[in-house]
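Throughout, protein chains are lettered first and strands after them, A, B, ... in sequence-line order, and every chain is numbered starting at 1. As a basis for the values below, the full set of heavy atoms in this structure was taken, side chains included, without hydrogen atoms, waters or symmetry mates.
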Amino acid sequence: MKQLDFTVRSNEKLNDQNHLLKVVPSDNEQLPEMLPGQFVQILVENAQHTFLRRPISINNIVPERNEIWLLVQSVGEGTQKICEMAVEGRLNMLVPLGNSFTIPSSRGSYLLVGGGVGTAPLLFLGKKLHERGIACDFLLGGASEQNILQRSDFTNYGTLYCTTEDGSLGEKGYVTHHSVLQHKKYDFIFTCGPKPMMVAVARYAHERGIRCEASLENLMACGFGACLCCVEKTTRGNVCACTEGPVFDINELTWLD
Amino acid sequence: MKQLDFTVRSNEKLNDQNHLLKVVPSDNEQLPEMLPGQFVQILVENAQHTFLRRPISINNIVPERNEIWLLVQSVGEGTQKICEMAVEGRLNMLVPLGNSFTIPSSRGSYLLVGGGVGTAPLLFLGKKLHERGIACDFLLGGASEQNILQRSDFTNYGTLYCTTEDGSLGEKGYVTHHSVLQHKKYDFIFTCGPKPMMVAVARYAHERGIRCEASLENLMACGFGACLCCVEKTTRGNVCACTEGPVFDINELTWLD
Amino acid sequence: MQLRNPVMTASGTFGYGTEYTDFMDLGRLGGIFVKGTTLEPRQGNDYPRMAETPSGMLNAVGLQNKGVDYFVEHLYPLIKDYDTHMIVNVSGSTVEDYVACTEKLVGLEKIPAIELNISCPNVKEGGMAFGTSCASAAQVTRAVRNVYPGTLIVKLSPNVTDITEIARSVEAEGADSVSLVNTFLGMAIDAESRRPKLSTVTGGLSGPCIKPIALRMVWQVFHAVKIPVIGMGGICNWEDAIEFILAGATAIQVGTYNFIDPSASVKIVEGIEEYLLRHNIASVTDLVGAMEMG
Amino acid sequence: MQLRNPVMTASGTFGYGTEYTDFMDLGRLGGIFVKGTTLEPRQGNDYPRMAETPSGMLNAVGLQNKGVDYFVEHLYPLIKDYDTHMIVNVSGSTVEDYVACTEKLVGLEKIPAIELNISCPNVKEGGMAFGTSCASAAQVTRAVRNVYPGTLIVKLSPNVTDITEIARSVEAEGADSVSLVNTFLGMAIDAESRRPKLSTVTGGLSGPCIKPIALRMVWQVFHAVKIPVIGMGGICNWEDAIEFILAGATAIQVGTYNFIDPSASVKIVEGIEEYLLRHNIASVTDLVGAMEMG
Ligand SMILES: Cc1cc2nc3c(=O)[nH]c(=O)nc-3n(C[C@H](O)[C@H](O)[C@H](O)COP(=O)(O)OP(=O)(O)OC[C@H]3O[C@@H](n4cnc5c(N)ncnc54)[C@H](O)[C@@H]3O)c2cc1C
Ligand SMILES: Cc1cc2nc3c(=O)[nH]c(=O)nc-3n(C[C@H](O)[C@H](O)[C@H](O)COP(=O)(O)OP(=O)(O)OC[C@H]3O[C@@H](n4cnc5c(N)ncnc54)[C@H](O)[C@@H]3O)c2cc1C
Ligand SMILES: Cc1cc2nc3c(=O)[nH]c(=O)nc-3n(C[C@H](O)[C@H](O)[C@H](O)COP(=O)(O)O)c2cc1C
Ligand SMILES: Cc1cc2nc3c(=O)[nH]c(=O)nc-3n(C[C@H](O)[C@H](O)[C@H](O)COP(=O)(O)O)c2cc1C
Ligand code: FES
Ligand code: FES
């Protein structure tokens, strides 16, 4: 873990609410190794009501450019200020935090299911799987077409399936109703998104005995294991989502009890 | 008094610490009448530690352009944020607040003594005196040349005398040591600046029986008479500097006791 | 006393209402609590009386006011026709003070209620001391209740171990309502000059910083007494107001935030109306204490 | 116990120090107060345990920890060689708990002191209750004093009418120092869902929002007792630290702000050093309680 200043290289507005920021360490220090599923804690300056840092997933790492991508949805003051960052602006971040998705050593068929801005860590995961020669399927859901972000990036690393609530892209409905889930048999599922979605995905996986990992977005104060505020109730008791997560095997969670 | 949004038309950096902002009502509403000595209360947004509004004197009014000038010295977070305002940025302000300098009805010779950013309200006062056909002298003091601001504006309305602590402009020393005070006899003195300076000016005026008004910069919470936090001890007891001031006749003050 | 709506403004932050008429329509408010009024005129404390703090401020005004006689003679005529409830905040140093001050207000037709300030931290004698023990809180309430037939609201101090105890003791003496909280005793020092930032060293802390504690106290008191609770402490917007109402406040007061947005109280009135519509709730009374547990 | 410098880190906000080694050099600190430790392991309260508030946060962690035996066996070996004072924060629900927990720490050579937490608002039984009455504060202090020969610091609750009373009663029982303040009992409600933001409804408020109240209490306690006072509550930077020292704190603890800037405590050490140089002050002890009045 490091506390570093980053400089915003670019800030692209993807839709009304979502921005893609590409940031590099301000002093060009080499980025520490980062794994898919890990996140950063961003200090939001210039915000009147934002006291704590804000956790944001690592959306992608471009080692050649020493660059981190952050996909941010503006839902409140903190994320709004991050989305409003000017190019060349500074962001102080703690990097990298948390555990990571388990990159399987065995071959098999992999499905990455994301909803809303929960798709953020799945891009980086898909890229890493791809680098290992593992092709995967992405199943992404959103309210409508403009909410399914970074589609061309995803298709670089696998096959993209979509659902939208209004049917404007892919199949109409929720991700767990997508026909690919009926037709195809997966060995691993990774998911990140709104809790009801992840619970539905976990249930699907559990019923079929598919190994499944979910990335949680518990409220956090510190992000590095010091405050014990972010706990998730697991089969091992209360554990910190920021150090022993945010990625959990669904069998450890008590969601389906 | 009104609560209005203003749009920043221009923001000129005058030196390291001082900016001149020219602002107009965002909806082009006609400015209410404003008098020299009055001030505005600025809501500082995007500031983490600035809870209360910040009082700033009216530096000038340009009726043709419906424009208020604000001369702001960056001394802490609030004034820094104001100085950093972008052109087209919005500022919510309460306008106008406080009493005003007494524009004398009689002819005579007038001296306006300012120190540091305390020169701000004196420009507007000089202009108003000038409009009434009253020529005045300005005696402005600062640490060095670059701290004596808006010199060309002041010379439009009267004769400018300066002192600097390092002697880089005008006479070396403090305003109250300027030779003009020995040579010329004034009927009225108006002053605004650091308290020790104003006290020295008040003493000078008092000893010579010169009528003198000083504009105070007491700490304020509301700025419009509701909180009673800004009181100045006067011969009439504690009175609010925001409604019965900021301008006081020095004979009302207890400074020289 | 029936309120048009639950939004009122807090004593000492709203002058006599007159200071706000340029910014808003006072008729939109449920009520206005005027500046703390004492038997004798008071000059208050010396300057500096104010220090900004993280999300709040300290004040040490010290009940500066022209006394109840001046109020009755000069201020009451100015404000009596405002189209809202004008409530006088009665402060004092001794039981006799409170009683004598109250007696002068009894005859005023357009003052439907008084708020007994037994919680001001900014006066040397009395003030907060009355609000920090059950016995003295009860004593002053009883004495004032004896002479005051109108609605008697007792304003509680948060600087106590158990605020429910105090609330119950003033309820037992016939208070019609309790309002809470007054300011928290706090202080600030200028590190460079090594001097206290207030002339009185300590002062009263108010603003959003105190909201979580104030809200907890309102919730506790709501569950401890039967009389209506008026909640305050850091309320800035309709969401804050709804929080207090859900915790058990029948009405709320907006204090310090009036300084930052002089029309905040009217915006809160509108925000609550929209909230009720959006949630399809007939009346705000349905929300009082309606926090859902578990 | 001699401190290298007056800057320490507060219990429950600094884990066991290990969480911070990536961000700073622990050897720069005067001391580290480890997470609240209880006789038995505790799971703490349910999620959600945290809510952000204006300039602060509420927590309802509820003393989650693996118990004192686990501490002695697994954590002590990890931390005993840190080049700073490691102090264990002892928490409990009964006097017997406190005593039994303390007894297990007596033998640990590298633990020069314990901090008796009689002020945790986040446990159902005991905790804060001990810190809100003189009798129970005295009782638990006496019991622990009997078994503990090391430096005994008692951590006071701010949720009281008169904190000096409590401070004096633990001083009388032989406490070597008092630390204050623990968190203020507060709450927050989500206006839209109408539910409390914490699973436990109420929790402990910390951060800059509480600083003015904490500072006032430190000042009061400094003038009420003879033992050294350790001050905390919202300290973020060296200026805050100097304020507490001027008010009477011999040492200070940095709490919540560690979450925002994990190296804040080291920056405070440096800031104090610069302040002393700038003001030509030989030692920080010259500043303790040195606020200038009048
Ligand atoms: C490990 C982790 C990774 C994350 N990755 C991303 C990411 O890549 N991109 C992204 O846009 N967001 C991500 N989030 C969520 C993001 O941290 C929150 O949206 C953000 O903290 C909200 O801050 P705010 O000030 O904008 O909103 P606030 O004003 O604090 O809150 C606005 C609303 O959002 C709710 N909210 C706030 N935080 C959370 C949360 N953690 N979970 C659920 N609801 C919340 C609040 O209760 C409130 O209703 C992640 C969260 C975690 C814990
Ligand atoms: C009626 C009036 C008119 C003013 N006109 C102007 C003006 O035209 N231009 C201008 O630049 N400033 C003016 N000021 C001063 C200005 O309001 C303060 O500098 C500002 O509020 C400081 O805010 P801040 O957040 O930048 O600094 P803070 O962080 O609040 O404070 C920085 C330092 O300045 C000190 N300080 C803050 N406010 C005052 C004050 N009112 N008096 C003395 N010391 C203070 C603080 O104690 C602290 O040491 C005026 C003040 C008043 C009351
Ligand atoms: C400047 C100021 C003056 C106050 N004067 C009084 C007063 O005279 N009587 C009183 O009962 N409360 C007084 N209060 C307390 C407020 O009425 C209110 O209880 C407190 O500020 C908490 O609410 P808030 O956080 O919304 O401001 C005063 C508060 C402030 C800030
Ligand atoms: C998340 C969290 C956990 C805490 N846990 C403990 C604890 O276990 N024991 C204790 O005595 N104090 C605990 N505290 C209180 C702090 O040690 C400190 O007294 C308080 O937070 C005030 O200081 P601050 O405002 O600098 O945070 C905790 C505080 C926080 C925020
Ligand atoms: S957020 Fe602090 S321990 Fe996880
Ligand atoms: S600043 Fe509030 S009365 Fe003057």
Item to check | Structural part of D/Leu287 lying under 4.5 Å from a heavy atom of chain C | outcome: side chain
Item to check | Flag for D/Thr132-C/Thr161: side-chain donor and acceptor within less than 3.5 Å | outcome: no
Next on the checklist: So for D/Leu58, is it side chain, backbone, both, or neither that comes closer than 4.5 Å to the heavy atoms of chain C?
Outcome noted: side chain
Checklist entry - Partners of D/Tyr47 by ring pair (Phe, Tyr, Trp, His ring centres under 6.0 Å), sequence neighbours excluded? => result none
Checklist entry - If you count heavy-atom pairs under 4.5 Å with chain C, which of D/Thr53, D/Leu205, D/Ile189, D/Asp46 comes out on top? => result D/Ile189
Checklist entry - Under a 4.5 Å heavy-atom cut-off, does chain D meet the side chain of C/Ala247, its backbone, both or neither? => result both
Checklist entry - What residue in D/Ala214, D/Ala290, D/Gly186 has the most heavy-atom pairs under 4.5 Å with chain C? => result D/Gly186
Checklist outcome for this item: Pair count under 4.5 Å, heavy atoms only, with chain C: among D/Ala51, D/Pro54, D/Ala188, highest is D/Pro54
Checklist entry - Side chain, backbone, both or neither: which part of C/Ile213 has a heavy atom under 4.5 Å from chain D? => result both
Checklist entry - For the candidates C/Glu239, C/Met187, C/Met217, which exhibits the highest count of non-hydrogen atom pairs separated by less than 4.5 Å from chain D? => result C/Met187
Checklist entry - Got a sec, which pairs hit ring-ring contact (aromatic ring centres under 6.0 Å, His included) with one end in residues 197-220 of chain D, sequence neighbours left out? => result D/Trp219-D/His223
Item to check | Side chain, backbone, both or neither of D/Ile242 within contact of chain C (heavy atoms, under 4.5 Å) | outcome: side chain
Checklist entry - Taking every heavy-atom pair that is under 4.5 Å apart, which of D/Ser55, D/Cys209, D/Pro212 has the most such pairs with chain C? => result D/Pro212
Item to check | Portion of C/Leu215 that has a non-hydrogen atom of chain D nearer than 4.5 angstrom | outcome: both
Item to check | Pairs touching residues 206-222 of chain C that satisfy salt bridge (Lys or Arg N to Asp or Glu O under 4.0 Å), sequence neighbours left out | outcome: C/Lys211-C/Asp240, C/Lys211-C/Glu243
Checklist entry - With side chains defined as the heavy atoms from C-beta onward, is the minimum distance between D/Pro196 and C/Met291 less than 4.5 Å? => result yes
Checklist outcome for this item: Whatever's closer than 4.5 Å to a heavy atom in chain D on C/Gln220 counts as side chain
Item to check | Under 4.5 Å from any heavy atom of chain D - which part of C/Ser193 | outcome: backbone
Next on the checklist: At under 4.5 Å between heavy atoms, what parts of residues 268-280 of chain C are in contact with chain D? List them by residue number.
Outcome noted: C/Tyr275, C/Arg278, C/His279
